[in-house]
**Q** 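One structure, pasted below without further comment.
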Amino acid sequence: MGNYNKGFVYFICLVSAMGGLLFGYDWVVIGGAKPFYELYFGIASSPLMQGVAMSTALVGCLIGAMVAGAMADKYGRKPLLLVAAVLFTVSALATGLFNDFVLFNVARFVGGIGIGVASALSPMYIAEISPVAVRGRLVSVNQLTIVLGILAAQIVNWQLAEPVPGDFTSEDILASWNGQMGWRWMFWVEAIPAMAFLLLACLIPESPRWQMLHGKADKAFETLSRIGGDGYAREEQESICRAAEQEQSETDGGGLRTLFSRKYTAVLTLGIVIAVFQQWCGTNVIFNYAQEIFSAAGYSVGDVLFNIVITGIANVLFTFVALYTVDHWGRRSLMLFGAGGLGLIYVVLGTCYHLHLTGFFMVVLVVAAIACYAMSLGPVTWVLLSELFPTRVRGVAMATCTFALWTGCTTLTFTFPALNSSLGSSGTFWLYAGICIAGLIFFLRRLPETKGKSLEEIEKMNF
């Protein structure tokens with residue numbers, strides 16, 4: 001369908017995708033603040049407390065993802081987006097305000113809940129409101145805003161931090177603007193887009209598919225008419241009703257009990273594998289542990305900061321490539337490309353570490369890995385998760401898969417230092433290469449193509 005109200009559709013999708021922007025910023029900003037708040041709170045020599053500070057938000061992510069689906073199915077998609085906006089705003093202001101380490105972590109935990117809610121709800125909402133022909137592209141906009149948020153955090157951290165002379169001691173850094181105020185402003189900057197998200201989210205409509213399932217057909221028709229006209233609205237409503245009637249006759253309703261029934265075992269397994277693989281493919285450790293990776297490649301601290309920005313720019317540029325390929329090449333093709341491409345790059349990268357090669361070529365390989373991920377596994381994972389499940393269980397299914405994704409992220413983040421220490425950089429990336437090859441084989445056997453199909457048509461597919 002090409003005759004739709006592009007201005008209206010793009011507006012509501014961009015507003016929803018602001019959840020992704022805040023998700024990306026909140027996730028990465030702590031890395032730039034880390035050297036300064038650790039000195040401020042006196043935890044620079046305590047690996048345990050450092051781990052607590054870095055992981056508090058991840059725990060919040062797990063909880064946010066876990067509760068988002070059931071609440072979104074009960075109360076609607078829009079209210080949960082508003083809740084996420086409030087949580088981001090409160091967390092951004094409070095994290096920079098508190099002088100107590102416990103309260104600092106409470107604020108990070110609140111922001112993590114916001115990330116969990118937004119990461120589950122934003123792509124699902126976009127999928128439910130987008131016309132079939134551009135659904136993949138518009139859901140991928142959510143990934144674009146995530147990487148823009150990551151890049152924004154990297155640039156803000158880089159620009160806010162005043163240069164640290166080489167002869168500065170820890171006491172000098174603690175007494176400097178960086179150690180007292182700079183790290184606070186890194187968090188406070190997030191409050192600006194968070195408040196904008198809160199205001200703009202008040203202007204978007206509820207998901208028409210959710211409205212249809214909750215006896216609000218008139219409001220659903222109004223929203224669908226604004227998207228594509230009365231004819232489009234009638235066709236969509238009929239399709240939603242047919243799918244809902246079939247689901248009603250085959251199940252006892254929505255919720256976790258229905259999702260974990262035998263009927264959905266195959267598609268739920270597929271969704272969880274896709275979600276966990278997006279993390280276990282290893283690319284995100286480059287953002288979380290860039291200093292270790294680039295230092296092992298022979299770069300100084302100053303060069304590492306510059307290289308981190310380079311990776312962020314590559315992440316953004318190749319996510320734009322995904323916007324123009326996901327609805328043309330298809331979801332399955334891009335997932336296969338991403339898994340196979342990353343596996344090959346990691347084999348070469350691991351070999352270079354094994355041979356103790358350093359310099360620019362190592363940066364090229366790291367950027368190539370990020371580029372491959374950004375145009376495939378990064379955005380397409382969210383597209384598939386938002387498409388695969390029936391409307392009746394989509395909220396709780398998206399939450400379950402997002403919970404699995406954040407569990408994968410947490411295990412990836414915590415295991416990298418141990419793997420890097422025991423296996424070395426070469427062995428670690430060879431391990432990630434093996435995971436990517438296993439993912440490639442799984443997708444070849446189990447992943448169908450969903451390009452060009454309506455959400456109701458996907459419901460009827462055999463998984």
Side-chain angles (χ1 to χ4, degrees), residues 17 20-21 23-29 31-32 137 140-159 277-326 329 334-350 352-353 357-383 409 412-413 416 425 428-429 432-433 436:
L21 178 78
F23 158 13
Y25 188 98
D26 198 276
W27 183 36
V28 170
V29 67
R137 182 184 306 171
S140 296
V141 167
N142 185 69
Q143 177 68 16
L144 174 62
T145 58
I146 292 173
V147 300
L148 285 172
I150 291 172
L151 179 59
Q154 292 168 335
I155 293 174
V156 167
N157 290 344
W158 179 37
Q159 292 298 307
F277 179 74
Q278 193 214 44
Q279 297 299 311
W280 281 7
C281 72
T283 307
N284 282 331
V285 299
I286 295 173
F287 293 109
N288 292 324
Y289 294 100
Q291 182 174 349
E292 288 87 340
I293 291 170
F294 285 120
S295 294
Y299 284 92
S300 66
V301 174
D303 292 330
V304 165
L305 291 174
F306 177 73
N307 289 339
I308 289 173
V309 174
I310 293 295
T311 62
I313 292 172
N315 202 12
V316 171
L317 291 178
F318 282 89
T319 301
F320 274 108
V321 175
L323 296 183
Y324 290 97
T325 55
V326 66
W329 293 6
L334 286 173
M335 292 294 284
L336 294 174
F337 169 80
L342 278 178
L344 178 61
I345 293 169
Y346 287 157
V347 167
V348 177
L349 189 60
C352 290
Y353 276 121
L357 299 180
T358 60
F360 180 71
F361 182 63
M362 299 296 283
V363 177
V364 171
L365 285 173
V366 170
V367 170
I370 289 175
C372 181
Y373 175 86
M375 67 175 291
S376 58
L377 303 177
V380 179
T381 291
W382 295 109
V383 175
C409 179
L412 178 82
T413 302
F416 178 79
S425 297
T428 302
F429 279 101
Y432 293 152
C436 288

**Q** Nearest 0.5 Å, please: how far is CG in L412 from OH in Y432?
**A**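 So the gap between those two atoms works out to 4.5 Å.
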**Q** Do you see a donor-acceptor pair shorter than 3.5 Å between the side chains of T283 and Y346?
**A**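 A pair is found: one side chain offers a donor N or O, the other an acceptor, under 3.5 Å apart.
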**Q** What closest approach, in Å, do V141 and A17 show between heavy atoms, and which atom pair accounts for it?
**A**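 Scanning both residues completely, I find the closest heavy atoms to be CG1-CB, 4.0 Å.
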**Q** Got a second to check how far F318's CZ is from T325's OG1, nearest 0.5 Å?
**A**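 One gets 11.0 Å once the value is rounded to the nearest 0.5 Å.
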**Q** Taking all non-hydrogen atoms of both residues into account, name the closest pair between L342 and C436 and its distance.
**A**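 Where L342 meets C436 most closely, the heavy atoms are CB-SG, 3.8 Å.
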**Q** Which atom pair, heavy atoms only, marks the closest approach of W329 to M375?
**A**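 That would be CZ3-CE, 4.0 Å.
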**Q** Using 0.5 Å steps for rounding, measure from the CH2 atom of W280 to the CG atom of L377.
**A**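 Going from CH2 on W280 over to CG on L377, the span is 15.0 Å.
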**Q** Is there a side-chain contact between R137 and V383 in this structure, where contact means two heavy atoms from C-beta onward sitting under 4.5 Å apart?
**A**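 Not touching, per the 4.5 Å side-chain cut-off.
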**Q** What distance separates F429 CZ from L349 CG, expressed to the nearest 0.5 Å?
**A**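 Result: 5.0 Å between the selected atoms.
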**Q** Of all the heavy-atom pairs spanning L334 and S376, show the shortest one and how long it is.
**A**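 Distance-wise, the nearest heavy atoms are O-CB, 3.1 Å.
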**Q** Mind listing the closest non-hydrogen atom pair of L144 and V316 along with its distance?
**A**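 Looking at all heavy atoms of both residues, the shortest contact is CD1-O, 4.1 Å.
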**Q** My understanding is that only residues two or more places apart in sequence, or in another chain, count here; which of them pass side-chain contact (heavy atoms from CB on, under 4.5 Å) with D26?
**A**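 Counting only residues at least two positions away or on another chain, D26 forms a side-chain contact (heavy atoms from CB on, under 4.5 Å) with F88, S91, R108, I115, E190.
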**Q** Which pair of non-hydrogen atoms, one from T319 and one from S140, has the smallest distance, and what is that distance?
**A**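 That closest heavy-atom pairing would be CG2-O, 4.5 Å.
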**Q** Atom CD1 of I370 and atom CG of L365: how far apart are they, to the nearest 0.5 Å?
**A**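 I370 CD1 to L365 CG: 11.5 Å, rounded to 0.5 Å.
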**Q** Who passes side-chain contact (heavy atoms from CB on, under 4.5 Å) against I313, sequence neighbours left out?
**A**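 Only L151, V309, L317 meet the side-chain contact (heavy atoms from CB on, under 4.5 Å) criterion with I313.
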**Q** Quick one: pull up SG in C352 and CZ in F361 and give me the separation to the nearest 0.5 Å.
**A**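 Between C352 SG and F361 CZ, I get 5.0 Å after rounding to 0.5 Å.
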**Q** Could you check if a side-chain atom of T428 sits within less than 4.5 angstrom of a side-chain atom of Y353, using non-hydrogen atoms only?
**A**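 A side-chain contact under 4.5 Å is absent here.
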**Q** Measure the shortest side-chain to side-chain distance between V326 and P379 over non-hydrogen atoms and say whether it is less than 4.5 angstrom.
**A**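 Heavy-atom side-chain distance check fails, nothing below 4.5 Å.
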